[in-house]
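Reading through the structure tokens given below for one structure.
Chain letters run A, B, ... following the sequence lines, proteins first and then strands; every chain starts at 1.
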Amino acid sequence: MVDDLIIGMAGSGGDGIVSAGESLIAAATMEGYYAILTKSFGSQIRGGESSCRLRVSTRQVLNPGGMLSVAVALNWEDFLRFGGELPVGGKTVVVYEAKTGVAPDRLPLKGVTPDTVLAVPIEEMALKAAGTVRAKNTLVLGLLAGWFGLAEKSILAGIRKKFGKKGAEILQGNERAFLSGLEYARSQPLREDRSLQPVGAGNGCKLLTDGNDMCGAAAIFAGCKFFGGYPITPSSEIMQFLNREIWKYGGSLLQAEDEIAGIGAVVGASFAGLKAMTATSGPGMSLKSEILGLATIAELPLVCVNVQRGGPSTGIPTKAEQSDLFSAAFSAHGDAIRPVLAPISVEDTFAVTVEAFNIAEHYQTPVIVLSDQEIAQRKETVNRLDTSRFQILNRHRPTDKERENYVRFKITESGISPISQPGMPNGNYLASGIEHNEKGAPTANGEIHSRMNEKRLRKLNPLKHRADLFQIEGPDDALVGIISWGSVAGVALEAVRMAQAAGIQVKLLIPRLLYPVSEEIYQDFFASLQKCMVVEQSHQGQLYRIIRMWVQVPDDFLSLAKSGSNPILPEEILERIRQLAFSLQRHPKVEAAPDLG
Amino acid sequence: MTNDNPETVMAYTAKDFRSELKPIWCPGCGDYGVVTAIYRALAAVGRPPHEIAFVSGIGCSSRIPGYTTAYGFNTVHGRALPIAQGIKMANPDLLVLVASGDGDGFSIGGGHVAHAIRRNIDLTYIVMDNQVYGLTKGQLSPTSPRGAKTASSTYGSLEEAVNPLLYVLAYGAGFVAQGVPADMEGLSKLVEAGIRYPGFAFINIQSPCVTYGDPESQLKNQKGKMRKLESEGHDPTNRLRAMELAQEYGQTLYTGIFYQDPASRPTYTDEVLRRQTELKPEALPRDQILSLFEPK
């Protein structure tokens with residue numbers, strides 16, 4: 001029995017591999033397992049090769065995993081096209097279409113000899129059971145259910161639901177294909193039991209979604225009433241979700257003529273008093289940066305989601321990267337800080353998006369949410385969140401008394417000035433991108449400019465003390481530390497847990513707030529450390545460098561950074577942690593000799 | 001958005017819409033006349049200042065919201081229209097005015113005009129067209145005539161001018177007019193008619209730049225040059241004729257309404273409201289929104 005199973009499948013466009021993955025994850029979710037499904041396609045808009053990775057576990061998982069436990073190849077050309085995304089190791093069970101004619105001891109896999117290789121006449125069996133080769137994917141579901149104890153009942157229920165609408169013949173054909181796969185697997189058991197443990201009691205049916213839909217749902221929960229945006233991969237599903245839902249809540253949505261108009265309408269809606277959001281990816285973020293500056297100086301709340309992809313420019317639109325952190329932090333013109341938050345998983349996207357609205361509204365500032373393609377487009381099981389534990393903040397409105405002689409940009413102790421909106425009597429003011437005095441009148445006076453800059457920056461200071469936006473795992477006094485963010489943090493967390501289980505003392509810091517940099521929280525984390533490594537998916541190691549700009553770092557402050565589209569595996573981080581821990585033993589830090597002079 | 005309640009209509013004078021800020025425009029600038037015409041039009045329409053959102057871009061003309069008592073938003077170059085659309089969608093009850101110059105409206109922000117028109121957002125778009133960039137001190141503008149010598153076209157412009165009237169007519173604007181500050185009475189009436197028009201209304205105002213503009217197009221010459229469309233017998237419901245007349249942009253100074261769609265079209269925010277009302281019964285309680293993600 002195993003408690004964690006990673007299945008990788010690949011086939012050509014019509015094979016229904018991704019659809020099989022979706023059936024499997026839905027079934028696993030209903031049975032109470034934790035699971036993550038990532039899909040990958042060739043560059044064709046339709047057709048071509050496709051693959052998916054499904055990780056199913058009895059414990060919560062925050063990344064799609066490394067080496068495959070099971071590899072399913074409907075043909076080898078398509079499987080091999082996905083190279084590093086579907087890594088096969090010695091312990092991987094390889095299941096493939098016998099019709100390919102490849103001998104089990106001559107697999108086209110370089111440098112590895114898997115110990116279990118099963119050539120199955122998938123197409124032939126599907127044709128026999130269902131009368132059509134289109135049932136191949138259903139047959140594969142039967143094989144997987146049989147060999148790995150996977151959610152048999154729920155899969156069958158899913159098949160009935162999915163094919164029930166398509167007529168008795170198709171439904172029965174698929175049922176027979178599933179059972180045929182199941183029987184085949186049972187009649188030829190694996191040498192070693194690799195089936196998945198049942199989930200513990202109390203692990204009921206979970207929710208299932210991806211990061212983009214979760215972001216949209218969180219926006220609605222937070223009270224977002226306006227969305228303006230423009231389609232761009234991999235963020236478009238946020239707009240698509242809200243386009244289905246936001247009207248029901250009295251909100252509205254504008255698919256604008258371009259990225260600039262999208263965020264322009266959002267600034268307008270915010271000026272008119274609504275919670276508003278836009279979403280984009282790297283290139284769109286560049287287009288939006290001028291209006292982000294306007295929102296900063298006019299002190300208007302808004303949430304701008306950047307679902308990062310490989311860049312610069314068109315880059316690799318369908319793969320994740322964490323290379324827009326510099327852009328989020330530094331693309332502002334003028335002296336501006338826009339708070340930058342990053343979720344680490346689909347589930348976390350809810351809390352982070354709600355928090356983004358809270359910060360935006362409370363501090364009257366644009367807030368950038370840095371999601372990435374991995375989180376945004378993978379399907380993940382989500383615990384049933386108790387939404388009552390999320391607080392929702394609204395902007396400070398001026399009282400009737402404050403509006404008797406209204407001063408929109410009043411310099412207050414907190415730096416936050418109550419904000420009115422059109423329609424509110426006596427709240428009239430001029431919002432502007434031009435520098436202004438407290439009443440909103442345009443000015444070119446250097447002293448006023450300096451005071452207003454100070455106010456706009458000072459109001460964000462409390463964010464730097466928000467310990468709740470930083471997660472620390474591991475003992476306080478560890479000598480080795482890891483820092484990681486976004487989707488990669490889920491990989492780092494697993495590596496750190498593996499290291500801890502192996503007796504290595506290591507701790508992990510996951511910042512949800514990336515900017516402004518919280519000197520204090522990093523400093524506290526560094527206090528016990530002799531070695532620290534920042535793990536992230538960008539060529540330059542952008543968080544690593546941003547931390548160095550603000551914080552006194554440990555002597556051995558290292559970066560593990562890779563360009564996007566090259567998955568960082570838990571095993572890889574674990575290996576680096578091991579090296580760091582062992583190097584401490586080889587080169588113990590010598591205390592400085594006391595100064596006797 | 002109009003207010004036909006006679007009590008409120010009577011309640012305001014032009015002065016109620018004038019703010020304490022002193023305009024930074026040069027003496028003799030056409031924009032003084034434009035803002036006065038706007039005060040008068042707003043007084044005639046009679047909505048209280050706090051129910052008006054006045055949005056602008058960047059340029060001399062775009063200082064205008066600050067000179068009114070309305071809620072003003074002096075935004076960034078070229079983006080006044082998208083921002084104004086967000087405001088109108090957020091609160092359709094507001095009276096939304098947008099002002100910009102020829103650079104804002106037909107160069108850097110030119111791409112937004114077509115889309116505001118095809119959505120038929122109910123707002124009034126006033127362009128102060130002076131054929132030059134004044135705030136940046138005299139460069140070529142999209143409506144500068146071919147051959148114009150400016151700070152950035154020392155040897156003369158090599159481009160044809162954009163024709164703003166023909167542009168908006170071609171995209172299907174339901175209200176298209178042109179006015180001049182020298183004819184204060186006529187201009188105030190045009191702005192008022194634009195505001196009262198329930199849909200996207202475009203008013204091109206030939207507002208001369210006294211510092212960098214063509215000496216021939218100054219205020220003192222406008223009265224002599226202008227030809228009132230009304231006196232020419234133009235039927236403002238005739239769109240094709242309006243397009244013919246608009247071809248003369250840059251040669252003949254027509255004033256008045258080129259085109260006003262006699263049919264009533266649904267505005268964008270009418271449709272938004274209808275959709276919101278239709279779909280409201282399907283809303284889950286906000287705190288149960290995650291139940292959309294039950295596995296299927």
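In this structure, chain A has a heavy atom under 4.5 Å from the side chain of B:Y268, while its backbone stays farther away. In this structure, chain B has no heavy atom under 4.5 Å from any part of A:F390. Heavy-atom distances place no part of A:I246 under 4.5 Å from chain B, backbone and side chain included. In this structure, the portion of A:E245 lying under 4.5 Å from any heavy atom of chain B is its side chain and not its backbone. With a threshold of 4.5 angstrom between heavy atoms, A:L300 approaches chain B through side-chain atoms but not through N, CA, C or O. Neither the backbone nor the side chain of A:A157 comes within contact range of chain B; no heavy atoms are under 4.5 Å apart. Contact annotation for B:A70: only backbone heavy atoms (N, CA, C, O) come within less than 4.5 Å of a heavy atom of chain A. Heavy atoms closer than 4.5 Å to chain B are found in both the backbone and the side chain of A:I220. Looking at A:T387, only its side chain comes within 4.5 Å of chain B, counting heavy atoms on both sides. For B:L81, no part lies near chain A; criterion is any non-hydrogen pair under 4.5 Å. Contacts of A:K206 with chain B are made by backbone atoms alone, with heavy-atom separations under 4.5 Å and no side-chain atom involved. Contact of A:D213 with chain B is made through backbone and side chain together, with heavy-atom distances under 4.5 Å. Both the backbone and the side chain of B:L290 have a heavy atom closer than 4.5 Å to some heavy atom of chain A. Proximity to chain B is limited to the side chain of A:F241, based on heavy atoms less than 4.5 angstrom apart.
In this structure, B:E278 and A:W247 have side chains that are not in contact, with every pair of non-hydrogen atoms separated by 4.5 Å or more. You'll find the side chain of B:P65 reaches within 4.5 Å of the side chain of A:L430, heavy atoms only. By the 4.5 Å heavy-atom criterion applied to side chains, B:H112 and A:E257 are counted as neighbours. Side-chain contact between B:R119 and A:L254 is present, with heavy atoms from C-beta onward closer than 4.5 Å.
The residue among A:E22, A:K161, A:K379, A:Q421 with the most heavy atom pairs within less than 4.5 Å of chain B is A:Q421. Among A:T29, A:T381, A:I260, A:I25, the residue making the largest number of heavy-atom pairs under 4.5 Å with chain B is A:I260. Per-residue heavy-atom pair counts under 4.5 Å with chain A were compared for B:R63, B:Q85, B:M89, and the maximum is reached by B:M89. Looking only at heavy-atom pairs under 4.5 Å with chain A, the residue among B:P49, B:P285, B:A283, B:A80 that has the most is B:A283. Between chain B and the options A:G427, A:G228, A:G158, heavy-atom pairs under 4.5 Å are most frequent for A:G427. Chosen from A:G262, A:S23, A:P425, the residue pairing most often with chain B at heavy-atom distances under 4.5 Å is A:P425. Contacts with chain A were tallied for B:T68, B:L273, B:V272; B:V272 has the most, counting heavy-atom pairs under 4.5 Å. Options A:Y429, A:Y249, A:F221, A:F226 differ in how many heavy-atom pairs under 4.5 Å they form with chain B, and the most are formed by A:Y249. Counting heavy-atom pairs closer than 4.5 Å to chain B, the top-ranked of the candidates A:V266, A:D258, A:I297, A:N426 is A:D258.
In this structure a side-chain-to-backbone donor-acceptor pair under 3.5 Å is present from B:Y71 to A:M424. At least one donor-acceptor pair under 3.5 Å links the side chain of B:Q276 to the backbone N or O of A:G250.
Annotation: the span from B:E271 atom CD to A:S252 atom OG amounts to 13.0 Å, rounded to 0.5 Å. Note that CZ of B:F293 is 8.5 Å distant from CG of A:L207, once rounded to the nearest 0.5 Å. One finds the NZ atom of A:K225 at 11.0 Å from the CG atom of B:N91 (value rounded to the nearest 0.5 Å). Taking OG1 of B:T277 as the start and NZ of A:K248 as the end, the distance is 14.5 Å to the nearest 0.5 Å.
Heavy-atom minimum distance, B:F73 versus A:A298: CE2-CB, 4.3 Å. The two atoms that bring B:L94 and A:P422 nearest to each other are CD1-CB, 3.6 Å, heavy atoms only. Closest of all the heavy-atom pairs between A:E290 and B:V76 is OE2-CB, 3.6 Å. Taking both residues in full, the closest heavy atoms of B:L21 and A:A441 are given as CD2-CB, 3.7 Å, listed atom of the first, atom of the second, then distance. For the residue pair A:L294 and B:I83, the shortest heavy atom distance occurs at CD2-CD1, 3.8 Å. A:A26 and B:K296 get closest at one heavy-atom pair: CB-O, 3.5 Å.
Salt-bridge annotation for A:R384 and B:E294: present, with a side-chain N of the basic residue lying under 4.0 Å from a carboxylate O of the acidic one.
Counting non-hydrogen atoms of other residues, nucleotides and ligands closer than 6.0 Å to OH of B:Y67 gives a total above 12.
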